[in-house]
Amino acid sequence: MPSVSPVIRSPALRGRDAEQDILRRLVDGARGRSGGAMVLLGAPGMGKSAMLDFAVDQAEGFVVLRTRGVEAEAALPCAGLHGLLRPVMDRLPALPAAQAEVLAGALELGATGGGLALPASVLNLLAAVGRPVLACVDDVHHLDAPSREALFFAARRLAGERIVLLFGARDDSPAPEGVPELRLEGLGEDTCRRLADDLAPEGLGAELRASLIEVARGNPLALGELVGSLSAAQVSGAAAPPDTLPPGGRLWRAYADRLARLPAETGDLLLLLAADPDLDTAALVRAAEPACALTLLEPAERAGVIVSAPGDRHDFRDPAMRAVVYAEASSARRRAAHRLLASVLDHDHQRLRRAWHRAVSLDGPGERLADELAAAAAAGSHGGYPAPWLAFERAAGLTARGDVKAARLAAAAANRAWHAGLARHARSLLGRLCSLTVSEEVRGQAELIRGSLELRSGKTGSARDELLSAAGWLLDRDRGRAVRALLRASEASYLAGDNSRFLAIARQAATLRRPDDPAATQLMFEYLAGIAATFRGRHREAADPLRRVLELAPSVRNPSVLVWAGVASLLLGDDVRALGLSTRAVEAARVRGAVSAVPQVLEFMIQTEIWMGRYASVAANAVEGLRLARESGQLNSAGQHLAWLALTSAVEGDEETCRIRAGSAIELAGAHGLGVAGALGNWALAHLDLAAGRHAGAAKRLRATARADGTNGHLVVRVMATPHLVEAAVRTGEHEQARAALRVLDRWVGSTRSPDRLALAARCHALLAAPGEAEERFRDALDLHHQGLCEFETARTQLLFGSVLRRNRRPGAAREHLHSALETFERSGARLWTEQARAELRGAGEAVRSRGHKAAEKLTAQQFQIARIVADGATNREVAARLYLSPRTVEHHLRNIFAKLDIRSRVELVRLLS
């Protein structure tokens with residue numbers, strides 16, 4: 001088989017695979033006399049020049065001509081042609097004498113002559129070179145008019161020629177008529193993360209990387225300059241990450257140059273827009289001369305600096321331009337702009353924005369401005385600019401009184417840590433409290449924040465102790481916060497799998513209840529009481545407080561409250577309601593901008609979806625949860641999402657991915673005391689063993705989930721995994737262990753009235769039943785399954801029942817159940833369970849053929865998954881990022897894939913899998 005050159009993806013053009021393919025085809029077409037042209041449009045830094053470099057790299061055997069439009073030469077006729085065509089002027093004698101004379105006059109004297117003579121001569125010269133030609137003109141918007149028109153004339157007449165003409169132009173430049181355009185948009189978030197890793201060989205912390213990506217807004221040059229500007233303190237976390245482009249960098253200078261060409265009055269209006277991102281047109285007109293405000297914006301619109309935005313607003317076309325406009329203005333001009341904005345904003349309905357502008361402009365005594373700003377931030381935000389945490393931080397900077405300054409820093413840290421999801425900045429704000437006079441209330445609030453940060457990214461034991469300490473500080477000063485601290489301390493114990501400490505905290509909380517508590521506080525007490533009763537195995541006692549949680553939830557607007565209500569529904573066996581509440585909680589967190597809450601809410605949504613067997617949705621939500629958890633520095637949440645992903649890999653039968661993900665989750669669990677993540681990781685590995693028929697291994701792993709040692713033990717996971725434990729224990733002859741586990745499951749299931757849960761318990765009883773009784777028990781289980789929602793567990797019961805019927809020498813009855821199981825497993829992509837169902841059908845006397853892709857029969861589950869992603873055009877590093885593997889592991893798999901499929905390149909892989 002002849003070797004085919006692999007598709008090479010340029011690391012410098014991360015995320016531009018489709019655009020590279022277009023240019024590659026254009027160059028390849030010119031080799032066969034099918035020339036063409038393309039205009040590359042994009043904002044500064046989007047990679048137009050890099051794309052032209054890529055085209056040059058592809059043009060082996062071509063004559064390559066390059067030039068760049070220079071603004072200083074835009075008034076010199078034919079200056080651009082002179083720069084582009086000088087290397088091939090030795091071919092002038094090949095042209096008719098009249099054309100040669102016209103072209104020589106244009107290049108030597110700038111004489112255009114008018115008409116077709118000059119553009120036709122340019123086209124004929126390129127065609128007379130004798131080899132394929134690639135001509136690249138960057139910054140074509142700065143080219144002189146005669147050169148630009150002559151080249152565009154040639155670009156429209158390249159059919160049948162061995163010529164490619166490529167132009168790079170600014171995004172606001174009009175594309176020439178009749179010449180195709182390729183617009184370079186901003187890179188996606190996933191691509192930016194991988195590009196940041198490419199640019200920083202040592203790697204960046206997830207939170208720092210997320211901050212850089214937010215500032216770069218998909219611009220690859222911006223991201224590169226931001227990474228290159230990082231100080232050692234910023235990389236280590238001792239200093240805040242940059243929040244603007246590096247001043248003086250290439251991109252900053254490009255933006256500043258564009259702004260410098262605008263009229264001064266236009267610049268004044270742009271400064272107002274830069275000072276307030278939420279400024280609408282009506283307020284802008286009030287702040288400027290009403291008769292001319294909008295007219296003065298027109299030069300900025302024509303220059304591509306601003307565009308119309310929803311809500312009767314104008315916004316910067318590139319968000320990075322805002323910081324350049326603001327920073328390039330003098331401090332006096334900035335203060336004047338803020339003072340003007342404060343004067344036109346409504347005092348009642350835009351209180352926070354008005355107070356912010358007054359504080360920034362220093363329009364009065366600092367202490368008075370700080371009090372006004374802090375009061376407005378405490379009263380709540382309209383959801384726009386500025387964020388309350390930013391207002392509190394600004395107010396702290398204007399405050400001289402140590403105790404008040406400390407309180408405002410703590411308020412900023414609380415908002416930053418808990419809502420915006422930037423733990424690094426929150427810790428920095430708390431660090432500034434150390435040298436200040438701190439009241440007892442503020443000390444308790446700071447402890448609550450520290451404990452909350454530790455709960456998300458540190459050791460659960462330390463988090464619990466800090467949160468209990470915070471509750472003690474706050475109890476006589478802020479009772480609502482004190483109860484919240486206790487609830488979070490109980491959450492730390494839950495994550496650790498420490499039931500005794502959880503129950504102790506619940507008992508402590510119960511002594512604090514008052515009849516006149518507000519609804520939110522009552523709900524917290526009821527939630528703790530219901531969970532505590534559940535953990536004691538008193539499920540009927542737990543039902544009343546759990547139902548009370550559901551009654552109180554509509555009166556409180558908070559994502560966490562919705563999650564607690566979802567957990568209550570789950571424990572009561574109402575999966576549909578639990579899923580609805582979790583979905584609402586995710587939406588509420590996003591609407592409120594509570595970034596840090598989303599990964600946590602997704603954890604509970606996933607737990608509901610596991611009970612419902614919705615593994616595809618579990619995988620999608622866990623991937624998002626893992627990404628957000630890493631970006632916001634929430635390692636403990638990341639551990640749970642890794643474990644959930646390991647479980648979905650086990651369901652799919654992807655052994656290697658499951659082991660890698662589970663191993664990472666278990667390692668993180670050991671370092672942070674995360675009993676829940678460790679137990680989930682072990683459950684995933686046990687599911688994998690069970691699917692592969694390794695029953696002894698599954699039983700051993702599931703026994704470990706019963707240990708409450710902070711690594712593998714967790715009561716909730718143990719109950720969820722009981723059906724797997726019973727199956728594995730029965731297969732290995734450990735019937736007493738199976739019965740003991742089943743007794744715990746029975747007590748809970750009996751209180752829920754959930755058909756899905758009752759079906760699982762009935763299946764377990766069938767596995768433990770005497771031969772004559774087992775069939776009836778299995779039929780009861782299937783009757784319950786058909787009333788429920790979980791198709792996957794229905795198929796698992798059908799597989800087990802079919803196996804029993806086959807061993808009881810009833811192959812016809814067995815095949816009926818085994819066929820149904822096989823269809824569900826194939827539809828779910830559960831490879832190992834599919835193989836078990838096929839094996840049972842063959843044992844029942846039926847030949848079963850595979851319905852999958854023929855390549856899948858030769859590859860492992862993970863190899864086939866990698867092959868499909870690579871066939872879609874992903875690089876090894878991109879595959880690694882999607883599957884949470886190392887690039888070296890992906891490379892190893894790819895070599896094995898090529899060998900097994902007897903192919904030699906990615907191109908052949910695409911053909912095979914298409």
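Residue indices begin at 1 and follow the sequence shown.
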Could you check Leu495 against His672 for side-chain contact (heavy atoms from CB on, under 4.5 Å), going step by step and ending with a plain yes or no? CA-CA 10 Å; Leu495 293 174; His672 290 238; over 6 Å; no
[X] side, atom [atom1]; [Y] side, atom [atom2] - distance, nearest 0.5 Å:
{"X": "Arg694", "Y": "Asp689", "atom1": "CZ", "atom2": "CG", "result": "4.5 Å"}
{"X": "Ser493", "Y": "Arg464", "atom1": "OG", "atom2": "CZ", "result": "5.0 Å"}
{"X": "Trp833", "Y": "Glu652", "atom1": "CH2", "atom2": "CD", "result": "14.5 Å"}
{"X": "Ser828", "Y": "Arg614", "atom1": "OG", "atom2": "CZ", "result": "13.0 Å"}

Should the pair [X]-[Y] be classified as a salt bridge under the 4.0 Å nitrogen-to-oxygen rule?
{"X": "Glu823", "Y": "Arg827", "answer": "no"}
{"X": "Glu840", "Y": "Arg815", "answer": "no"}
{"X": "Asp746", "Y": "Arg739", "answer": "no"}
{"X": "Arg488", "Y": "Glu466", "answer": "no"}
{"X": "Asp544", "Y": "Arg547", "answer": "yes"}
{"X": "Arg548", "Y": "Glu551", "answer": "yes"}
{"X": "Arg513", "Y": "Glu526", "answer": "yes"}
{"X": "Glu655", "Y": "Arg659", "answer": "yes"}
{"X": "Arg831", "Y": "Glu826", "answer": "no"}

The single option from Phe535, Tyr494, Phe502 passing ring-ring contact (aromatic ring centres under 6.0 Å, His included) against His714: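 Result for ring-ring contact (aromatic ring centres under 6.0 Å, His included) with His714: Tyr494.
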Checking side-chain polar atoms at under 3.5 Å, does Ser803 have a donor or acceptor matched by the opposite partner on Arg807?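 There is such a pair between these side chains.
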If you measure only the distance, is there a donor-acceptor pair under 3.5 Å linking the side chains of Arg456 and Ser637?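 Ser637 and Arg456 do not have a side-chain donor-acceptor pair below 3.5 Å.
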Verdict with supporting geometry, Thr797 and His785, side chain to side chain donor-acceptor pair (under 3.5 Å): CA-CA 9 Å; Thr797 300; His785 274 306; 2.7 Å; yes
Would a 4.5 Å heavy-atom cut-off, applied to side chains only, mark Thr834 and Arg838 as touching?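 Yes; the side chains approach each other to less than 4.5 Å.
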Check the pair His687, Leu647 against side-chain contact (heavy atoms from CB on, under 4.5 Å), reporting the backbone distance first and the verdict last. CA-CA 7 Å; His687 186 121; Leu647 188 60; 4.2 Å; yes
Just by modelled atom types, is the Gln522 backbone N or O under 3.5 Å from a matching donor or acceptor in the Asp517 side chain?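 Not a single qualifying donor-acceptor pair exists.
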Check the angle between the aromatic planes of Phe801 and His817 and answer parallel, tilted or perpendicular using the 30° and 60° thresholds.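 Rings of Phe801 and His817: tilted, as their planes differ by 30° to 60°.
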